[in-house]
Colleague: 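Here it is, the structure, as structure tokens.
To find a chain, count down the sequence lines: A is the first, B the second, and so on, and within it residues start at 1. Quick note: numbers below take in every heavy atom, side chains included, and nothing from hydrogens, waters or symmetry partners.
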Amino acid sequence: MLDPQILRNDLEQTATRLKHRGYDLDVTHWQSLEQQRKTVQIETESLQNKRTTISKSIGKAKAAGEDVQPLLDEVAAIGDTLDASKEQLKAIQAEMELVTLYTPNLAHESVPVGKDEDDNVEVRQWGEPKSFDFEVKDHVALGERRQGLDAESAANLSGSRFTLLTGEMAQLHRALAQFMLDQHTTHHGYKEYYVPYLVNAQTMQGSGQLPKFADDAFITEDERYLIPTAEVPLTNLVADTILEEAELPIKMTAHTPCFRREAGSYGKDTRGMIRQHQFEKVEMVQVVHPDHSFDALEEMTGHAEAILQALELPYRVMVLCSGDMGFSATKTYDIEVWLPAQKTYREISSCSNCVDFQARRMKARFRSPEVKKPQWVHTLNGSGLAVGRTLIAVLENYQQKDGCVLVPEALQGYMGGKTVINVA
RNA sequence: GGAGAGUUGGCCGAGAGGCUGAAGGCGCUCCCCUGCUAAGGGAGUAUGGGUUAAUCACUCAUCGAGGGUUCGAAUCCCUCACUCUCCGCCA
């Protein structure tokens, strides 16, 4: 949720900045709502005040044994007008709330203005894409051996966009998640959480998935949502709370499955396990003091990078342009890992600073000794990393001519000492 | 799934139709006293919104959420959510 003050005081500029994000704010509509709101609210509140005043005097008059009938007559006249005024105010406020709930965050000044992913800007690269002296296979081809990656069985069980892993593939997948969690908890200062995978609508709204993106999520019959990312439960842990400044920063990590409908991505990434309805992710979330959120974003991106560096997987870091960012973010770095079979970099992590956008939706605040009023915290989230995609990256980057796959040194301890898998 | 109890400010806790935005305590802030420490005395201390250039100003809302009764609701009624206890079931 944007600061209502900037919509009131700086409407034109805000509309322009929203346009950079591909969002058209109906300025005239908003202005008219705002104007109506003001008139009706003042009217309602003054009627309310009048009624309360008279009601109180009725109490006093009764206690004094006076005749209250004249006062009752007077207050009766207010009733209908007040009710009508209240209804009107409610309707206006509901409409304004809807607009604010559907309005994305503003892009930070440091974010390049652009339309889509083609306008994202590379920030840095790490590692050299390895050259192979043989024809490289993609992860699907590599996974066919020993049926380690069995798309057909998954399709039979559940439909398209599901994956079944067996044997060493499943073990490697598990090893990756364990390794990531351990890195974040022992080296990067995050506390590990185990969280619910089903959340209510309120929680989904707090982090920005609802109401606008209802179609992207799976919903249960009793109206709970399967989490699309652990960001949702983790971030909402501070919903409706006033923290002490000393409690900040809060750094949380969790390994969870993520569920996404992937509505509107028909035909995209249909081969292999790049885009799935269900995938594993290790997520990082930080709740920080507003002065430090941009530093925290750099730090958190570094934490995700550290995983790739430990796995010796080449990657590049992109800063997303205004038009390509997610709804709640003010600035996002995508980390893209090198996939030799596609001869391209593919997203494996996304780290975002949401500043006070989610905090306002969730009512997450903190109190500092210097400032009397509670202030909004800033929230950040980042993948560290998407486990399925990391598996793909390991398979493709560590493949050998004969189709077996070397186990990255950092993972060997998690693989029972194995140095190579997928041997024919 | 069944039966019962509960949900009040940062925390604990009173409150039973008007004088309650809410006693009291804890915590916190400021002041006084006390040669350290402990203790004592006084004052202050909810959140959100609106009006305003801004406020020491005025005002509205909020006692789990949403409805209702009433001139007036933390207090009465209804629905829902959550917590706790007991029973049942279950990994």
Colleague: Choose from B/rG18, B/rG48, B/rG50 the nucleotide whose nearest atom is closest to any side-chain atom of A/I42.
Modeller: B/rG50

Colleague: Do any side-chain nitrogens or oxygens of A/Q48 fall under 4.0 Å of OP1 or OP2 in B/rA61?
Modeller: yes

Colleague: Closer than 4.0 Å, any side-chain N/O of A/K56 to the OP1 or OP2 of B/rG17?
Modeller: no

Colleague: Just compare B/rG48, B/rU47, B/rG50 and give me whichever is closest to any side-chain atom of A/R367.
Modeller: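 The answer is B/rU47.
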
Colleague: Sort out for me which residue in A/V407, A/L142, A/L313 forms a side chain to side chain contact (heavy atoms under 4.5 Å, CB included) with A/Y398.
Modeller: A/L313

Colleague: A/R8 side chain: which of B/rG21, B/rG50, B/rC71 is closest?
Modeller: B/rG50

Colleague: Just call it for A/I54: base, sugar-phosphate, or nothing, with non-hydrogen atoms closer than 4.0 Å on any strand.
Modeller: nothing

Colleague: Which part of the nucleic acid does A/P374 contact within heavy-atom distance under 4.0 Å: base, sugar-phosphate only, or nothing?
Modeller: sugar-phosphate

Colleague: Among B/rC71, B/rC19, B/rU59, which is the nearest nucleotide to the side chain of A/S55?
Modeller: B/rC71

Colleague: With a 4.0 Å cutoff (strictly under), does any side-chain N or O of A/K373 reach OP1 or OP2 of B/rG48?
Modeller: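 Yes.
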
Colleague: Please tell me which of the listed nucleotides, B/rU51, B/rU47, B/rG50, lies nearest to the side chain of A/Q5?
Modeller: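 Nearest nucleotide to the side chain: B/rG50.
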
Colleague: If you take atom types as modelled and just measure distance, does the side chain of A/E45 reach the base of B/rG49 with a donor-acceptor pair under 3.5 Å?
Modeller: yes

Colleague: Would you confirm whether A/T253, through its side chain, and A/M284, through its main-chain N or O, come within 3.5 Å as a donor-acceptor pair?
Modeller: no

Colleague: With a cut-off of less than 4.0 Å, is there a side-chain N or O of A/R365 near OP1 or OP2 of B/rG10?
Modeller: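 Negative; the distance criterion is not met.
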
Colleague: What nucleic acid atoms does A/K363 come within less than 4.0 Å of, heavy atoms only: base, sugar-phosphate, or nothing?
Modeller: nothing

Colleague: Nearest to the side chain of A/K90 - B/rG67, B/rG18, B/rU47?
Modeller: B/rG67

Colleague: Which atom pairs, one a donor and one an acceptor, fall under 3.5 Å between side chains of residues 143-155 of chain A and the rest of the protein, sequence neighbours left out?
Modeller:
from   : atom 1 : to     : atom 2 : distance (Å)
A/R145 : NH1    : A/D402 : O      : 3.3
A/R145 : NH1    : A/N422 : O      : 2.8
A/R145 : NH2    : A/D402 : O      : 2.4
A/R146 : NH1    : A/E168 : OE1    : 3.3
A/R146 : NH1    : A/V423 : O      : 3.3
A/D150 : OD1    : A/E152 : N      : 3.2
A/D150 : OD1    : A/S153 : N      : 2.9
A/D150 : OD1    : A/S153 : OG     : 3.3
A/D150 : OD2    : A/S153 : OG     : 2.5

Colleague: Among B/rC60, B/rG49, B/rC71, which nucleotide has an atom closest to any side-chain atom of A/N49?
Modeller: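 Looking only at side-chain atoms, A/N49 lies closest to B/rC60.
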
